[in-house]
**Q** 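Structure below; questions to follow.
A, B, ... follow the sequence lines: proteins, then strands. Residue 1 opens every chain. Every value quoted in this text rests on a predicted model; they were computed, and no experiment measured them.
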Number of protein chains: 2
Amino acid sequence: MVAQGRRARVRQATLAEIRATARRLLIEQGSAAVTINAVAREMGMSGPALYHYFAGHEELVGAVTADFFRELTEVMEAARDEHPPGDHGPRLLATCRAMRTWAITHRPEFGWVFASPITSERRPDSPRELAGRDFEHVFLEEFAALWESRPFPVPAELDPSIRRQLQAYTASLGLGLPVEAVHVFLSCWIRLYGLLCMEVLGQLDFAYTDLEPVFEECLREIAPRLGLDYEAAAP
Amino acid sequence: MVAQGRRARVRQATLAEIRATARRLLIEQGSAAVTINAVAREMGMSGPALYHYFAGHEELVGAVTADFFRELTEVMEAARDEHPPGDHGPRLLATCRAMRTWAITHRPEFGWVFASPITSERRPDSPRELAGRDFEHVFLEEFAALWESRPFPVPAELDPSIRRQLQAYTASLGLGLPVEAVHVFLSCWIRLYGLLCMEVLGQLDFAYTDLEPVFEECLREIAPRLGLDYEAAAP
DNA sequence: ATGTTTCCTTTATGCCTCTAAGCAAACTTA
DNA sequence: TAAGTTTGCTTAGAGGCATAAAGGAAACAT
């Protein structure tokens with residue numbers, strides 16, 4: 001943190017209050033209630049005043065989303081760090097479980113992050129995208145460390161189209177992972193995150209009321225693909 | 001179809017035009033552009049006129065969503081019926097592929113159906129819910145027929161919580177399936193539909209540009225769990 | 001002490017949903 | 001066929017939203 005004058009400090013406080021108010025409205029009344037006007041009204045300000053803090057509704061939404069990403073990231077890192085640095089298996093599983101725990105204890109927030117249909121072109125330097133990448137990296141780094149320390153078996157050959165596509169992504173990661181390992185990582189990611197999204201969006205309510213055991217089953221299926229011992233890190 | 005007077009016919013035509021206009025706006029300008037006013041304007045009517053056809057914005061959205069479900073259902077049934085009634089394996093795979101094909105050739109529509117956050121309490125007799133159940137049944141019926149004709153191995157024991165939850169759902173289906181089979185069905189469904197949703201919502205754009213081979217890989221992994229021969233029904 | 005920056009206000013435009021009142025054409029019925 | 005009723009639309013209007021513009025007052029810098 002850079003030292004700031006009083007002016008700057010007050011401004012930061014107001015910014016934080018705006019984001020907190022937006023979050024409260026989201027939780028209490030749903031995403032549609034998070035309007036510039038409503039947030040300002042809650043704070044005892046006039047609507048247009050908020051334009052001194054955010055360029056518009058979309059930027060406010062992006063800032064709040066970034067907050068959620070950061071909070072989720074912190075929670076996951078804390079859960080991960082309850083295990084020693086070398087225990088990549090338990091650390092990864094703890095990270096996954098922390099993600100789901102946060103998601104279901106913060107449904108409106110998680111739904112807001114996930115189910116935001118691509119509203120506009122996403123600039124890669126926006127706070128939202130930066131925080132999103134940090135979130136992604138919690139998994140990626142632990143995964144890469146796991147691969148470093150104890151590589152697991154990967155498919156001998158990949159579908160040519162998949163290989164081609166993943167080559168660019170793998171290179172952009174700069175983690176020295178082989179394409180095949182990245183493919184395994186993404187397969188697991190799709191299963192885990194896909195399940196979570198369906199749960200939070202209520203797409204499975206027709207059959208389930210509590211998806212915790214389904215999530216654990218998913219972890220149990222995924223673990224051996226990474227050479228992990230699920231039973232050794234059961235919940 | 002019941003015989004109708006001229007009056008009723010004109011009304012049906014206007015209803016159809018409204019839904020078609022709403023769909024066109026969705027495709028051309030995104031979901032936010034589908035407003036009562038915009039639809040009416042496009043049709044050369046005044047806004048409030050639409051309230052003679054739909055009780056409000058939400059009902060219009062529901063009607064359009066039901067249209068999408070019905071169209072998707074028809075496409076899947078047509079693809080399924082290209083295979084003889086007894087060939088449950090190829091019929092199921094064709095149904096899955098038709099679902100994805102429709103989804104990616106109708107991204108706005110599919111995204112609209114899926115990513116509609118639970119906007120209000122859903123009444124189970126609304127057109128949207130009815131059409132949604134028909135869609136669900138295309139998979140369920142073929143799956144039940146497959147089980148009838150050639151039961152596949154199912155897990156010997158289920159997590160007690162999962163078993164308890166699925167008992168109610170299984171009973172409500174009235175298809176005479178065992179709970180274990182329903183569990184296998186839902187596991188496959190979650191993987192397939194979850195992947196599709198992530199694709200359409202752009203959640204995998206960071207790594208993939210074309211998910212067709214990933215989808216096929218998913219089918220290849222799912223098929224043996226249902227006792228199906230993937231290679232015999234490769235694309 | 002003066003000028004500038006910052007914060008917030010009110011005002012205004014144009015969009016949205018939805019209600020209400022009213023008119024005219026089309027049907028129904030006596 | 002004439003009167004009454006239903007239907008399909010209109011305009012008017014209330015209230016909310018995003019956003020732009022203009023202005024006042026306080027805080028800050030010099």
**Q** Please verify the inter-ring angle class for B/Tyr169 with A/Phe206; under 30° counts as parallel, over 60° as perpendicular, anything in between as tilted.
**A**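 Perpendicular.
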
**Q** For D/dT6, take OP1 and OP2 only and decide whether either is under 4.0 Å from a side-chain N or O of B/Arg11.
**A**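 Negative; the distance criterion is not met.
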
**Q** Please check if any side-chain donor atom of B/Ser161 sits under 3.5 Å from a side-chain acceptor atom of B/Gln165, or the reverse.
**A**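 Side-chain D/A pair, B/Ser161 to B/Gln165: present.
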
**Q** Give the rounded distance in Å between these two atoms: CD of A/Glu58 and P of D/dC17.
**A**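 The answer, rounded to whole Å, is 19 Å.
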
**Q** Quick test of your reading of the model: are B/Glu71 and B/Arg23 salt-bridged, counting only N-O distances below 4.0 Å?
**A**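 Result for this pair is yes, salt bridge flagged.
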
**Q** In whole angstroms, how far is the P atom of D/dT19 from the CG atom of A/Leu50?
**A**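 So the two atoms are 11 Å apart, to the nearest Å.
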
**Q** Between B/Leu60 (CG) and C/dC18 (P), how many Å, whole number?
**A**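 For the pair B/Leu60 CG and C/dC18 P, the rounded distance is 10 Å.
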
**Q** Does D/dT7 have OP1 or OP2 sitting under 4.0 Å from an N or O in the side chain of B/Arg7?
**A**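 For D/dT7, neither OP1 nor OP2 has a side-chain N or O of B/Arg7 closer than 4.0 Å.
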
**Q** So if I take every side-chain heavy atom of A/Tyr51 and compare against C/dT11, D/dA18, C/dT17, which nucleotide ends up nearest?
**A**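 Looking only at heavy atoms from C-beta outward on A/Tyr51, the closest nucleotide is D/dA18.
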
**Q** Could you state the atom-to-atom distance from CZ of B/Arg9 to P of D/dT7 in whole Å?
**A**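 That distance rounds to 17 Å.
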
**Q** From the set D/dA12, D/dA18, C/dT9, return the single nucleotide nearest to any side-chain atom of B/Pro48.
**A**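 Ranking D/dA12, D/dA18, C/dT9 by closest atom to the B/Pro48 side chain puts D/dA12 first.
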
**Q** Are any of B/Ser46's side-chain N or O atoms less than 4.0 Å away from OP1 or OP2 of D/dC9?
**A**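 No, no such contact exists.
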
**Q** Taking only the side-chain nitrogens and oxygens of B/Asn37, find out if one of them lies under 4.0 Å from OP1 or OP2 of C/dC16.
**A**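 True: B/Asn37 side-chain N/O within range (under 4.0 Å) of C/dC16 OP1/OP2.
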
**Q** Return the minimal non-hydrogen interatomic distance between A/Leu226 and A/Cys188, and the atom names on each side.
**A**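 Looking at all heavy atoms of both residues, the closest pair is CD2-SG, 4.1 Å.
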
**Q** In whole angstrom, give the distance that lies between atom NE2 of A/His57 and atom C1' of D/dC17.
**A**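 Distance, rounded to whole Å: 9 Å.
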
**Q** Which is true for B/Gly47 with a 4.0 Å heavy-atom rule: it touches a base, it touches only sugar-phosphate, or it touches nothing?
**A**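 Nothing: the residue B/Gly47, judged by heavy atoms under 4.0 Å, touches no strand.
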
**Q** Can you tell me how far C1' of D/dA18 sits from CZ of A/Phe54, to the nearest Å?
**A**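 It works out to 16 Å between those atoms.
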
**Q** Just how far, in rounded Å, is C1' of C/dT17 from CD of B/Glu59?
**A**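 Between C1' of C/dT17 and CD of B/Glu59: 14 Å.
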
**Q** Less than 4.0 angstrom between a side-chain N/O of B/Tyr53 and OP1 or OP2 of D/dC9, yes or no?
**A**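 For D/dC9, OP1 or OP2 has a side-chain N or O of B/Tyr53 closer than 4.0 Å.
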
**Q** Using heavy-atom distances to pick each residue's nearest nucleotide on DNA chain D, tell me which of B/Met45 and A/Ile36 is more 5'.
**A**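 The answer here is B/Met45.
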
**Q** Between the side-chain atoms of A/His52 and the base atoms of C/dC7, is any donor-acceptor pair under 3.5 Å?
**A**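 No such pair is found, so the answer is no.
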
**Q** So, B/Arg100 and B/Glu212, do they make that salt bridge, N to O below 4.0 Å?
**A**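 Answer for the salt bridge query: no.
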
